[in-house]
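Below is a structure I'd like to ask you about.
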Number of protein chains: 2
Amino acid sequence: MFKALADPTRRVILDELTERDGQTLFELCTRLAMKHEVTSSRQAISQHLDVLEGAGLVTTRRDGRYKFHYIDTGPLRAIAQRWPVQT
Amino acid sequence: MFKALADPTRRVILDELTERDGQTLFELCTRLAMKHEVTSSRQAISQHLDVLEGAGLVTTRRDGRYKFHYIDTGPLRAIAQRWPVQT
DNA sequence: ACCATAGGCAAGTAGGCACTTGCATGTCAA
DNA sequence: TTGACATGCAAGTGCCTACTTGCCTATGGT
């Protein structure tokens, strides 16, 4: 999961899914290019999504030829638990 | 900061500093080798500490020929703020 | 059936990063 | 001052990873 968060593009993907959850690959590609100035290709974004899914930060749901991506911030809880953040 | 967290050895260093704060480079090397089975050399650990310090996750205090390392979990707050963790 | 759309697979490439190696600097004790 | 100790600097090496390229599969509309 930590390696998944290490890439700036993947973090922007999580930002975009936070703002609008359940996007398809193409939706993400266009919106990332528009609002976040991400120039990556479709394949690059797809591979990033695979990494995020492997890290448990993104879940997917298939419907016909569309695949929707949802953010899951659950794994992030482990960070604050591992290194207690004093308030 | 995210790249700093991406390396397993650096995360173990943070673990060790959580358990015992304010260690020197040599202390860390020996304790990491003992308890966490880290086989990295002194120089490797030193470079990791530089990265952690650059990420703001570790602060240092120099006293004579000793340099003490302290964990700072402050930057970790930004994670939960960026991607709200639902409870 | 045909075609466009949405996505997947896999090999190759370039750059970054962790680690080593060797030497240098600085500090303290005797 | 001399030697041992704690740390720092810098170049070189090998691996990992992000990205591209090219082609393939599958779904849905007409």
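Lettering of chains follows the sequences in order, A, B, ..., and the numbering in each one begins at 1. None of these values were measured; they are calculated from a predicted model.
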Compare side-chain N and O positions of A:K67 against OP1 and OP2 of C:dG8 and report whether any pair is under 4.0 Å apart.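 Yes, such a contact exists.
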Any protein N or O atoms within reach of nucleotides 1-5 of chain C? Criterion: under 3.5 Å, listing atom names and distances.
residue : atom : partner : partner atom : Å
C:dT5   : O2   : A:R65   : NH1          : 3.3

Does a distance-only test, which skips hydrogens and angles, find a donor-acceptor pair under 3.5 Å between the side chain of A:Q47 and the base of D:dT20?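 Flag set: donor-acceptor pair detected.
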Could you pull out the closest heavy-atom pair between A:I79 and A:M1, with the gap in Å?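 Heavy atoms of A:I79 and A:M1 come nearest at CG1-CE, 4.0 Å.
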Closer than 3.5 angstrom, by distance alone: can the side chain of B:R62 be matched with the main-chain N or O of B:K67 as a donor-acceptor pair?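 Side chain of B:R62 to backbone of B:K67: no pair is present.
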Expressed in angstrom and rounded to an integer, what is the separation of B:L49 atom CG from D:dC9 atom P?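 In whole Å, D:dC9 P and B:L49 CG are 13 Å from each other.
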Heavy atoms only: give me the nearest A:Q23-A:L28 pair and the separation to one decimal.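 The pair with the smallest heavy-atom distance is OE1-N, 3.6 Å.
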Start at the 5' end of DNA chain D and walk down; is the nucleotide closest to A:R10 or to B:S46 reached first?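 In this pair, the answer is B:S46.
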Write down the distance between NZ (B:K3) and C1' (C:dG15), rounded to a whole number of angstrom.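 To the nearest whole Å, that distance equals 11 Å.
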Show the nearest heavy-atom pair for residues A:E27 and A:T30, with the distance to one decimal.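 Between these two residues, the closest heavy atoms are O-OG1, 2.8 Å.
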Return the residues of residues 27-39 of chain B meeting this criterion: a heavy atom under 4.0 Å from some atom of DNA chain C. Order them by number, or give none.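 Close to the strand, none.
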Determine whether a donor-acceptor pair (one donor, one acceptor, N or O, separation below 3.5 Å) exists between the side chain of B:R62 and the base of C:dG26.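 No pair found.
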Separation of atom CD in A:Q43 from atom P in C:dA6, rounded to whole Å: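 A:Q43 atom CD is separated from C:dA6 atom P by 14 Å.
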Backbone N or O of B:V85 within a donor-acceptor pair of the A:R77 side chain at under 3.5 Å?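 No, the answer is negative, given that no donor and acceptor are paired below the 3.5 Å cut-off.
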So, OP1 or OP2 of C:dC19: does either fall under 4.0 Å of a side-chain N or O from B:H48?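 Yes, within the criterion.
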Provide, to the nearest angstrom, the distance between the NE2 atom belonging to B:H69 and the P atom belonging to D:dT7.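 My rounded result for the distance is 6 Å.
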Please report the distance, rounded to the nearest Å, between CG in A:D50 and P in C:dA10.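 So the two atoms are 12 Å apart, to the nearest Å.
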Rounded to whole angstrom units, what separation is found between the CG atom of B:L25 and the P atom of C:dG26?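 Rounding to the nearest Å, CG of B:L25 and P of C:dG26 are 18 Å apart.
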Whole Å only: how far is the CD1 atom of A:I45 from the P atom of C:dC9?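 Distance check: A:I45 CD1 to C:dC9 P gives 17 Å.
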Closest approach of B:L57 and B:A4, non-hydrogen atoms and distance?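 In this case the closest contact between B:L57 and B:A4 is CD1-CB, 4.3 Å.
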Keeping to residues at least two apart or across chains, list the ring pair (Phe, Tyr, Trp, His ring centres under 6.0 Å) pairs with something in residues 48-86 of chain B.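 Output for this query lists B:F2-B:W83.
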Closest non-hydrogen atom pair between B:A55 and B:P75, with its separation: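 Nearest pair, atom of B:A55 first, then B:P75: O-CG, 4.0 Å.
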Would you say A:R42 reaches D:dC19's phosphate, i.e. side-chain N/O to OP1/OP2 under 4.0 Å?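 Negative; the distance criterion is not met.
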Between C:dC17, C:dC19, D:dT17, which nucleotide has the shortest distance from any of its atoms to the side chain of B:A44?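 The answer is C:dC19, which lies nearest to the side chain.
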Rounded distance (Å) that lies between atom C1' of C:dG7 and atom CD of A:E53: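 Going from CD in A:E53 over to C1' in C:dG7 covers 13 Å.
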Do A:T60 and A:E53 meet the criterion of a side-chain donor-acceptor pair at a distance under 3.5 Å?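 Short answer, yes.
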Report yes or no: does A:R10 contribute a side-chain atom to a donor-acceptor pair with the main-chain N or O of A:K3 at less than 3.5 Å?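 The answer is yes, because a donor-acceptor pair under 3.5 Å joins these two groups.
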For D:dT20 and A:S41 - does any side-chain N or O of the residue sit under 4.0 Å from the phosphate oxygens OP1/OP2?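 Yes, because at least one side-chain N or O of A:S41 sits under 4.0 Å from OP1 or OP2 of D:dT20.
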